[in-house]
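Below, chains carry the letters A, B, ... as their sequence lines are ordered, and counting in each starts from 1.
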2 protein chains.
Amino acid sequence: MNNVLQMNSLRDSHRDPARAQVACSQCSLGELCLPKNLDKDDKIRFEQIVHRSRPIHAGEHIFRAGDEFRTVATVRTGCFKSYAIDQDGQEQVLGFHLPGEIIGLDAIHSGRHIANVVALDTSAICSLTFHSVSSMARSMPELQHELFRMMSQRISELETIAGDLSADERIALFLLSLSRRFARRGYSNKEFILAMSRRDIASYLRLATETVSRVLARFQQRGLVEVDRKQVVICDRDELRNIARTTLH
Amino acid sequence: MNNVLQMNSLRDSHRDPARAQVACSQCSLGELCLPKNLDKDDKIRFEQIVHRSRPIHAGEHIFRAGDEFRTVATVRTGCFKSYAIDQDGQEQVLGFHLPGEIIGLDAIHSGRHIANVVALDTSAICSLTFHSVSSMARSMPELQHELFRMMSQRISELETIAGDLSADERIALFLLSLSRRFARRGYSNKEFILAMSRRDIASYLRLATETVSRVLARFQQRGLVEVDRKQVVICDRDELRNIARTTLH
DNA sequence: CCCGAATACTGATCTGGATCAAACAAACTT
DNA sequence: AAGTTTGTTTGATCCAGATCAGTATTCGGG
């Protein structure tokens with residue numbers, strides 16, 4: 001159980017010039033990171049409790065299921081997936097984490113991490129102890145609300161994916177969700193990279209990998225998307241929204 | 001959109017002796033309500049922001065999807081279901097709420113209630129503005145943590161139900177979940193009433209009502225449960241756990 | 001550059017649970 | 001109590017997507 005967070009405490013980063021990184025206020029995440037809407041003083045306090053990581057390589061874990069819950073992490077660059085291992089030893093993908101998103105809040109109630117979280121790409125994170133986040137939240141209404149908001153959003157997302165959806169609906173929702181999240185990050189909402197494998201997508205959406213392949217091929221034939229390996233281009237967003245039966249995204 | 005909360009503000013309860021009710025510290029919920037782990041002073045402060053409702057009859061709504069998010073509610077007695085209406089006009093059950101459980105936290109991120117929430121039984125609730133809850137949470141670490149904990153728990157629950165489960169697994173998990181929640185409330189964990197219809201159970205578990213009937217009948221034949229109308233007796237919890245493939249519950 | 005191992009795609013079957021159809025039982029109406 | 005409505009159960013079919021089988025493509029390592 002060798003986790004990056006444990007092996008390489010970032011408390012030391014300011015003492016190690018080679019690891020020095022930009023302050024949150026200059027971070028490429030801009031307003032997307034945790035301290036969104038904080039005023040200047042709050043941002044300075046916030047930065048003091050944030051630890052920036054060295055690069056994390058694809059395949060490296062930052063949390064393991066069962067780990068004591070001490071820290072949460074936000075993604076600066078790259079992509080992570082979280083997954084559980086079920087009774088049959090099968091991997092079950094629970095979610096993907098793009099830049100600006102926070103990881104680990106589902107561990108609060110049990111005091112242990114529920115999921116394994118692994119980098120899909122060369123990535124970087126910021127980590128903070130949950131204790132310091134929640135204690136700061138008590139004097140920063142905006143931060144407290146941001147935490148509530150993120151957990152509430154995750155609940156809504158799960159209520160959607162838990163619904164009774166066809167394979168087409170699931171794939172359309174998945175593509176639109178990624179598009180929206182990349183757009184929020186400042187990337188194109190038309191063209192993006194699937195950092196995760198077909199197998200991961202299938203597991204996340206509760207489909208067979210074969211079904212993912214087939215639906216993507218069908219969408220391409222119908223001119224809705226162009227898919228080449230991991231590259232995706234959204235060609236007909238409106239029709240994807242129709243299929244997903246949602247006006248959201 | 002006539003909601004009980006709006007029609008009958010409980011701010012007035014202390015002025016209306018007919019509606020006076022016991023203080024939280026004497027409430028039948030005991031330690032299960034929101035102020036769990038609060039000390040005496042905090043409990044007194046807490047009680048000042050809680051509004052107790054008159055009885056709510058089966059079929060009455062306490063929230064409607066789209067309502068502005070101002071208040072949350074905790075169940076004192078009875079049972080509620082929350083549901084959404086999908087694009088086809090079909091009702092989709094999102095969850096059931098038993099005594100001691102809190103309703104409405106999934107509305108935070110959008111500022112509007114996502115779900116319709118309706119009483120299944122004659123019920124009673126306590127309601128509080130989210131603003132007063134979160135502002136109090138800032139001076140009560142235990143309360144803030146309790147809120148985080150509850151949202152985190154809901155995330156875990158949804159991660160389970162969103163999983164790729166067979167009909168048998170879903171029903172077994174459902175029965176065990178109810179059993180655990182009734183037990184926590186001080187009721188029997190062997191024998192309880194299903195306040196919700198077969199149709200509601202089916203919608204919640206993403207099954208057809210016919211499948212719910214058939215699985216319950218099969219479980220009864222195998223001696224796992226006795227089901228008579230809305231009355232349920234758990235006969236073989238271990239085998240139910242096996243079917244649910246979980247050591248939890 | 002080639003080779004072996006993943007990963008992705010495509011076609012042929014199979015199946016769990018949905019859907020359709022009907023009988024049945026309980027809960028209201030009058 | 002008889003009739004009406006609503007909810008539940010049982011039986012017969014059907015289908016979306018899983019599974020199985022085989023091929024094609026990509027990628028990492030020498």
Side-chain angles (χ1 to χ4, degrees), chain A residues 57-59 81 86 88 90-93 118 120-122 161-175 193-222 225-232 243-245, chain B residues 57-59 81 83 86 88 90-93 118 120-122 161-174 193-222 225-232 243-245:
Chain A
H57 300 295
K81 82 171 169 189
D86 70 17
D88 318 327
Q90 291 304 299
E91 181 181 308
Q92 168 67 66
V93 175
V118 62
L120 295 175
D121 247 351
T122 303
I161 196 191
D164 186 17
L165 305 173
S166 70
D168 283 16
E169 284 164 6
R170 281 171 200 275
I171 302 275
L173 279 167
F174 178 68
L175 293 173
I193 300 292
L194 302 174
M196 66 294 293
S197 68
R198 297 290 191 273
R199 174 188 236 270
D200 286 339
I201 297 172
S203 169
Y204 175 62
L205 297 177
R206 280 70 186 183
L207 298 171
T209 54
E210 294 92 330
T211 304
V212 174
S213 272
R214 279 187 253 263
V215 173
L216 285 177
R218 188 147 25 85
F219 281 6
Q220 175 144 6
Q221 279 171 11
R222 293 167 56 181
V225 294
E226 281 166 31
V227 184
D228 177 22
R229 187 92 187 116
K230 293 189 175 290
Q231 178 79 28
V232 174
I243 292 170
R245 300 192 308 173
Chain B
H57 300 295
K81 82 172 169 189
Y83 67 94
D86 70 17
D88 317 328
Q90 291 303 300
E91 181 181 310
Q92 167 68 66
V93 175
V118 63
L120 295 175
D121 247 351
T122 303
I161 195 189
D164 186 17
L165 305 174
S166 70
D168 283 15
E169 282 163 9
R170 282 173 200 275
I171 302 274
L173 279 167
F174 178 68
I193 300 291
L194 302 174
M196 66 294 294
S197 69
R198 298 288 192 271
R199 175 190 235 269
D200 286 339
I201 298 171
S203 170
Y204 175 63
L205 297 177
R206 281 67 186 185
L207 298 171
T209 54
E210 294 92 330
T211 304
V212 173
S213 269
R214 279 187 253 264
V215 173
L216 286 177
R218 187 143 28 83
F219 281 6
Q220 176 145 7
Q221 279 172 11
R222 292 168 57 183
V225 292
E226 280 166 32
V227 184
D228 177 21
R229 185 94 186 117
K230 292 187 175 292
Q231 178 80 29
V232 174
I243 291 170
R245 299 192 308 171

Peer 1: To the closest 0.5 Å, what do you measure between CG (Asp168(B)) and CZ (Arg222(B))?
Peer 2: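 Asp168(B) atom CG to Arg222(B) atom CZ measures 6.5 Å (nearest 0.5 Å).
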Peer 1: For a side chain to side chain contact (heavy atoms under 4.5 Å, CB included) with Met196(B), tell me which candidate from Val93(B), Asp121(B), Ile201(B) qualifies.
Peer 2: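 The side chain to side chain contact (heavy atoms under 4.5 Å, CB included) with Met196(B) is passed solely by Ile201(B) among Val93(B), Asp121(B), Ile201(B).
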Peer 1: For Ala167(B), answer base if it contacts any base atom (sugar-phosphate contacts may also be present), sugar-phosphate if it contacts only those atoms, and nothing otherwise; contact means non-hydrogen atoms under 4.0 Å.
Peer 2: sugar-phosphate
Peer 1: Of the options dT8(D), dA8(C), dA21(D), whose atoms approach the side-chain atoms of Ser197(A) most closely?
Peer 2: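 Within the option list, the nearest is dA8(C).
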Peer 1: Which whole-number value in Å describes the distance from Lys230(A) NZ to dC9(C) P?
Peer 2: 10 Å
Peer 1: Checking all strands, does Arg170(B) fall into the base, sugar-phosphate, or nothing category for heavy-atom contacts under 4.0 angstrom?
Peer 2: nothing
Peer 1: Over how many whole Å does the gap from Arg199(B) atom CZ to dT8(D) atom P extend?
Peer 2: 10 Å
Peer 1: Could you tell me whether a side-chain N or O of Arg198(A) sits under 3.5 Å from a main-chain N or O of Thr211(A), the two making a donor and an acceptor?
Peer 2: no
Peer 1: What does Thr209(A) touch in the nucleic acid at a heavy-atom separation under 4.0 angstrom: a base, only the sugar-phosphate, or nothing?
Peer 2: nothing
Peer 1: Distance criterion of 3.5 Å, no angle test: do you see the side chain of Arg214(B) paired donor-to-acceptor with the base of dG11(D)?
Peer 2: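 Counting by modelled atom types and ignoring angles, a donor-acceptor contact under 3.5 Å is found here.
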Peer 1: Give a yes or no on whether the backbone of Tyr204(B) and the side-chain of Arg206(B) come within a donor-acceptor separation of less than 3.5 Å.
Peer 2: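 Confirmed, Arg206(B) side chain pairs with Tyr204(B) backbone.
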Peer 1: If only side-chain N and O atoms of Arg198(B) are considered, is one of them under 4.0 Å from the OP1 or OP2 phosphate oxygen of dT9(D)?
Peer 2: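 Yes, such a contact exists.
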Peer 1: Which of the following nucleotides, dT10(D), dA21(D), dA8(C), is nearest to the side chain of Ser213(A)?
Peer 2: dA8(C)
Peer 1: Heavy-atom count check: over 12 atoms from other residues, nucleotides or ligands less than 6.0 Å from Arg199(B) CZ?
Peer 2: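 For Arg199(B), atom CZ is not crowded (no more than 12 foreign heavy atoms under 6.0 Å).
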Peer 1: I'd like a list of close polar pairs between nucleotides 22-30 of chain D and the protein, N/O only, cut-off under 3.5 Å.
Peer 2:
from	atom 1	to	atom 2	distance (Å)
dT26(D)	O3'	Arg229(A)	NE	3.3

Peer 1: Can a donor-acceptor pair be found, under 3.5 Å and without considering hydrogens, that links the side chain of Gln92(B) to the backbone of Asp86(B)?
Peer 2: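 No; zero donor-acceptor contacts below 3.5 Å.
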Peer 1: Examine distances only and state if a side-chain atom of Gln231(A) and a backbone atom of Asp228(A) form a donor-acceptor pair shorter than 3.5 Å.
Peer 2: no
Peer 1: At how many degrees, to 10°, do the end axes of the helix from dC1(C)-dG30(D) to dA27(C)-dT4(D) meet when each uses five pairs?
Peer 2: 50°
Peer 1: Do the non-hydrogen side-chain atoms of Phe174(B) and Ile161(B) ever get within less than 4.5 Å of each other?
Peer 2: no
Peer 1: Looking at Thr211(B), does any N or O in its side chain come under 4.0 Å of the phosphate oxygens OP1/OP2 on dA18(C)?
Peer 2: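 Yes.
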